[in-house]
Amino acid sequence: MNRSPAPIVPKWHSPAEVAAILGYGLSKVKMKIATGELRSIKDGQYRRILPEWIDEYIQAQIDREEAA
């Protein structure tokens with residue numbers, strides 16, 4: 001039996017990957033990072049976003065919508 005290898009699950013994402021995940025444009029993701037709405041860290045010259053930070057951002061959007 002030939003098993004295919006397990007998919008690699010990234011530990012963090014680039015802003016471009018987050019844009020694709022959220023269905024946003026890259027400039028919108030960069031704006032969310034700049035305003036602090038979406039957490040990120042700097043790794044050398046690159047920005048990286050942890051998957052749980054994406055989840056936190058989504059939950060904050062849901063909470064804001066429900067409070068309105």
Show your working on side-chain contact (heavy atoms from CB on, under 4.5 Å) between Arg39 and Ile49 and close with a plain yes or no. CA-CA 7 Å; Arg39 288 178 63 188; Ile49 298 109; over 6 Å; no
So, Gln59 versus Asp63: side-chain donor-acceptor pair below 3.5 Å or not? yes
From [X] [atom1] over to [Y] [atom2], what is the distance, rounded to the nearest 0.5 angstrom?
X	Y	atom1	atom2	result
Leu26	Lys30	CG	NZ	4.5 Å
Trp53	Ser40	CH2	OG	7.0 Å
Gln61	Leu22	CD	CG	9.0 Å
Ile54	Lys32	CD1	NZ	14.0 Å
Glu37	Met31	CD	CE	6.0 Å

Minimum-distance pair of heavy atoms, taken over all atoms of [X] and [Y]:
X	Y	value
Ile41	Trp12	CD1-CZ3, 3.4 Å
Pro10	Pro51	O-CG, 4.2 Å
Ile33	Pro15	CD1-CG, 4.1 Å

Quick one: list whatever passes side chain to side chain donor-acceptor pair (under 3.5 Å) with Arg48, sequence neighbours left out. none
Residue list, side chain to side chain donor-acceptor pair (under 3.5 Å) with Tyr24, at least two apart or on another chain: Tyr57
Does atom NZ of Lys11 have more than 12 heavy-atom neighbours, drawn from other residues, nucleotides or ligands, at distances under 6.0 Å? no
